[in-house]
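Before any comments, here is the structure.
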Amino acid sequence: MTQEELATLLGVSIDAIGKYERSVSFIRGDLEHRLSERLDWTREEILACRGEWESRSLQPNQARYRLLDNAMVDEIFDGSWRNASLASIAMAEAELSSLPDEMAPNVDVFSPIYESFREHWGAIMADGEMVAKWTLPFLLPEDEALFRAGRLIEADLSVDTLRRPILPGSYFGYCPALIVRPGHEAAASLLLTSFVDFLESLANRDVYLHGLGTISVTLSGAQICKDLGMVRLGSHCLDDSFGVWELPGSAIPKSVFGRRSALLRRAYSEIHKP
């Protein structure tokens, strides 16, 4: 519907609707019942909408953070997503320089993966620099088993050993990189939003995660896993301090992802009904 139609339906001005869309302001509490009565929204959807609005209501010092897109690639990386992917790997190398070779951000391993699975990663830019990123390829069943046993070696990954979610179904997502550079913690909200958008795009094609796994290699990484509600399965074979973590698909509705997205909460609750 148009802004005018929505404004009439909710009994507010067109200017107010524009402010809601731009996250300049949120609908007053005394009007929230109209979302339920006139748009058939549930209380959960209203709360999710408020949470999303809060995540997008950036503080003044956060406005500099932007999700990497085609326009920024043209501007900063000479129109080359390959150059952008190389920058993301370089950022990981700088932040995780002490890792063993088997788990290091190897350009020979990850550059082909980033290029072949372009939609499976996102990055946040600030002042022309990459300051945060996430990556989520999908593992084959045999590599999923290695992950759970704490024996997955990232150096063994390749384009040929990853799954491509063309058909609807259940997949295991492995996150080799979830990085927010020190001093850029304010970028985390936008990074999380871009990750949620990716999960929503999958759910719209009936592609779901039966598990989301990662390996923490730093104390801050382990804390992020805890904050996301992941469960520590054990230690990695290369180093006892490296943790193996998973968020089961059944836990997504009550996770930070489900709280951010009414779509994810409904979809994952439906497929995991008792």
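Only this structure's heavy atoms are used, side chains among them; waters, hydrogens and symmetry mates stay out. Just so we're clear, the structure is a prediction, and the values are computed from it rather than from any experiment.
The side-chain heavy atoms of Val131 and Val180, taken from C-beta on, include no pair separated by under 4.5 Å. No side-chain heavy atom of Trp121 sits under 4.5 Å from any side-chain heavy atom of Ile113. For the pair Cys237 and Glu102, the minimum side-chain heavy-atom distance is 4.5 Å or more. Taking 4.5 Å as the limit, every side-chain heavy atom of Trp134 sits out of range of all side-chain heavy atoms of Leu192. Taking 4.5 Å as the limit, every side-chain heavy atom of Phe110 sits out of range of all side-chain heavy atoms of Ser88. At least one side-chain heavy atom of Leu35 sits under 4.5 Å from a side-chain heavy atom of Leu10. You'll find the side chain of Leu139 stays beyond 4.5 Å of the side chain of Arg163, heavy atoms only. Counting heavy atoms from C-beta outward, Leu264 and Glu200 have side chains that approach closer than 4.5 Å.
No single ILVMFWY cluster, assembled from side-chain heavy atoms under 4.5 Å apart, contains both Val217 and Ile224. A continuous path of ILVMFWY side-chain contacts below 4.5 Å connects Leu212 to Tyr268, so both sit in one hydrophobic cluster.
In this structure, Phe138 has its ring center at least 6.0 angstrom away from the ring center of Phe117. Checked against the 6.0 Å centroid threshold, His120 and Tyr114 do not count as a close aromatic pair.
Put simply, the side chain of Ser235 gets close to the backbone of Asp240: a donor and an acceptor are under 3.5 Å apart. Remark: the backbone N or O of Phe257 is paired with a side-chain donor or acceptor of Ser255 at under 3.5 angstrom. Side-chain atoms of Arg265 come within 3.5 Å of backbone N or O of Gly258 as a donor-acceptor pair. Put simply, the side chain of Arg259 never gets that close to the backbone of Ala262: no donor and acceptor are under 3.5 Å apart.
Minimum interatomic distance between Gly229 and Leu247 (heavy atoms only, all atoms of both residues): O-CD1, 3.6 Å. Of all the heavy atoms in Glu115 and Ser85, the pair that sits closest is CG-OG, 4.4 Å. Shortest non-hydrogen contact noted between Ser250 and His272 is N-NE2, 3.4 Å. Closest heavy-atom contact between Leu191 and Ser194: O-OG, 2.8 Å. A pairwise comparison of heavy atoms in Ala84 and Leu68 identifies CB-CD2, 4.0 Å as the closest pair. The two residues Ser216 and Trp245 come nearest to each other via the heavy atoms OG-NE1, 2.9 Å.
Leu209 CG to Leu136 CG: the interatomic distance, rounded to the nearest 0.5 Å, is 6.0 Å. Between atom OG of residue Ser170 and atom CG of residue Asp206 there is a gap of 12.0 Å, rounded to the nearest 0.5 Å. With rounding to the nearest 0.5 Å, the separation of OG1 in Thr135 from CG in Leu178 is 8.5 Å. Atom CG of Leu190 and atom OH of Tyr65 lie 10.5 Å apart (nearest 0.5 Å). Note that OH of Tyr171 is 13.0 Å distant from CG of Leu162, once rounded to the nearest 0.5 Å. A distance of 10.5 Å separates CG of Asp143 from CZ of Phe172, quoted to the nearest 0.5 Å.
Between the side chains of Glu4 and Thr8, not a single donor N or O lies within less than 3.5 Å of an accepting N or O. A side-chain N or O of Ser241 and one of Asp239 form a donor-acceptor pair less than 3.5 Å apart. No side-chain donor-acceptor contact under 3.5 Å links His184 and Glu129.
Surrounding CZ of Arg82 are at most 12 heavy atoms belonging to other residues, nucleotides or ligands under 6.0 Å away. Around atom CG of Asp101, no more than 12 heavy atoms belonging to other residues, nucleotides or ligands sit under 6.0 Å away.
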Under 3.5 Å, which donor-acceptor pairs link side chains of residues 151-160 to any protein atom two or more places apart or in another chain?
residue : atom : partner : partner atom : Å
Glu154  : OE2  : Tyr174  : OH           : 2.6
Ser158  : OG   : Asp160  : N            : 3.3
Ser158  : OG   : Thr161  : N            : 3.4

Problem - CA sep, side-chain torsions, deciding dist, call: Ile124, Met130, side chain to side chain contact (heavy atoms under 4.5 Å, CB included) - result: CA-CA 6 Å; Ile124 305 301; Met130 195 171 293; over 6 Å; no
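Checked for salt-bridge contact, Glu270 and Lys273 meet the test: a charged N lies under 4.0 Å from a carboxylate O. Under a 4.0 Å N-O distance rule, the pair Arg232/Glu246 does not qualify as a salt bridge. Between Arg266 and Glu45, at least one side-chain N (NZ, or NE/NH1/NH2) sits under 4.0 Å from a carboxylate O, which counts as a salt bridge.
The side chain to side chain contact (heavy atoms under 4.5 Å, CB included) test with Met125 is passed by exactly one of Met72, Lys133, Arg64, Glu75: Met72.
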